[in-house]
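Working notes, structure below.
We count residues from 1, following the sequence as given. Just so you know, ligand 1 is whichever comes first in the structure, and atom 1 is the first atom listed for that ligand.
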Amino acid sequence: MPATTAAALKTVIGLEVHAQVLTKSKMYCSCSADYANAEPNTHVCMVCLGLPGALPVMNEVAIETVIRTGLALNCEIPSYCKMDRKNYVYPDLPKGYQISQYDLPLAVNGTLEIVVDGVSRQAGITRVHIEEDTGRLVHDMAAHDDMSLVDLNRSGVPLMEIVGEPDLTTPEEAREYLMALRRILRAIGASTGNMEEGAFRCDANISVRTEDGSYIGPKVEIKNMNSFRAVERALRFEEIRQREAVSNGEELVQETRGWVDASGITVSQRSKEQAHDYRYFPEPDLPPLNIPREMVDEIAKSVGELPITRERRFVSDFGLSPADAALLNSERPIADYYEAVLNGKTQGTYPQVVANWLVNDVMGLARAKGLRADEMPITSQQLRGLVDMVEGKKLTGGAAKSVLLGMEENESPAVAAERLNLLAMDDDGAVKDAAMAAIEANPAAVEDFRGGKQAAIGRLIGDVMKRTGGRAKPDDVRAALLELLNGN
Ligand SMILES: [Zn+2]
């Protein structure tokens, strides 16, 4: 192999994602798919235990969900597909095969829009197919140091595989691809997308080649990446390893490598098995599926507005900053909540004011309380009421934050503000008294202000706010202070 300079090489990355499909029951039996919250081997039956003679029955919701995913990824949905057996032996696979799809998947030829550094591009989606998850091996060395245990609760949980085209050229793009994909899956209710819990897993293929094709490196598959960050780090490590090998004239081989997160390296696991090792053949226990056009049209209605489209609408129609629009669209329930707060009031600065409260205060409070994205500490009506009171100068910003924290369930912000004695002061006399006290207590600030340091008034305003428990309106305070300072 001719020594090639690392700079002349380009990186080619393709991702394969396995995402558990959100359904109540498993793919081919009626056992609960909620495998994690059960005693081991309690959500099992003849079918998912792989006992001889047991017959699988297709989960229609899972099929519909994969079609919805395909549509959200701009795929074609062929009118005909079939299931195939993928044969291999492993202790967590009781049947000795997985029912998957081989040459006729549910969805093909799609695209996924990714945005990196503000630049948008389409990455190709080769296919989306349905299959089933395996069981889990439990290596509990403390309790059983001479054996491994198997839990088959997960065996047969619906799993979809989303295969991307090798269109990605940097580890950053790979990370964006995964985040964009997961956001869509969550938005359409297809998967929890939870990577830590194993509901969203990624294998990556990476190789390097010269632009002109004079050198095309072998594909290396990377496994064992359990976070978006791990995917990006593993790909960066592998990209550098392959580039250095090529420029040193070393031979690269097609292989599977495992990511070791703690040491930040990939290590060789095995040379790549070929697809025909799995001896795919059509699943004899399940009929092929005809997917009528009307069914696809009906499912298409349930896709809804995709997150990236909605994010752009928040910028173009509501005038939100791109960063806030992205944050509000990280999860569909947050975007829904935001639009419920707006309640059609989309003029002027109101949408951005609401976004500020939601992003900075309400979501912060939700995080502090450990709430999920679909749970908010206050209702959309409560937040709207709170923002309207601030906008109407019935509450100062500081007092509104205290109302937010002190408001009880189903209590209106107005009632809460009154109960907590936080309503904005309308009493000019009280504001003036507080201003006089502040001037008395801060001679240095007064001197600075009179000496020409206009900013010194901020210290006095702060003191008045403290004295009035944050209830004085900042404009009133400033006016009262200026009157007193300039009058003397
Ligand atoms: Zn079962």
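In this structure, Arg384 contributes its side chain and Val341 its backbone to a donor-acceptor pair below 3.5 Å. Without hydrogens or angle criteria, Ser155 side chain to Thr134 main chain gives no donor-acceptor distance under 3.5 Å.
Shown here are the salt bridge (charged side-chain N to carboxylate O under 4.0 Å, His left out) partners of Glu173, two or more places apart in sequence or in another chain: Arg121. Residues satisfying the ring pair (Phe, Tyr, Trp, His ring centres under 6.0 Å) criterion with Tyr337, sequence neighbours excluded, are absent altogether. Under the salt bridge (charged side-chain N to carboxylate O under 4.0 Å, His left out) criterion, Glu331 pairs with Arg186, not counting sequence neighbours.
By the 4.5 Å heavy-atom criterion applied to side chains, Lys301 and Ile299 are not counted as neighbours.
Taking distances strictly below 2.8 Å, the protein N/O/S atoms close to the Zn ion (ligand 1) are Cys29 SG, Cys31 SG, Cys45 SG, Cys48 SG.
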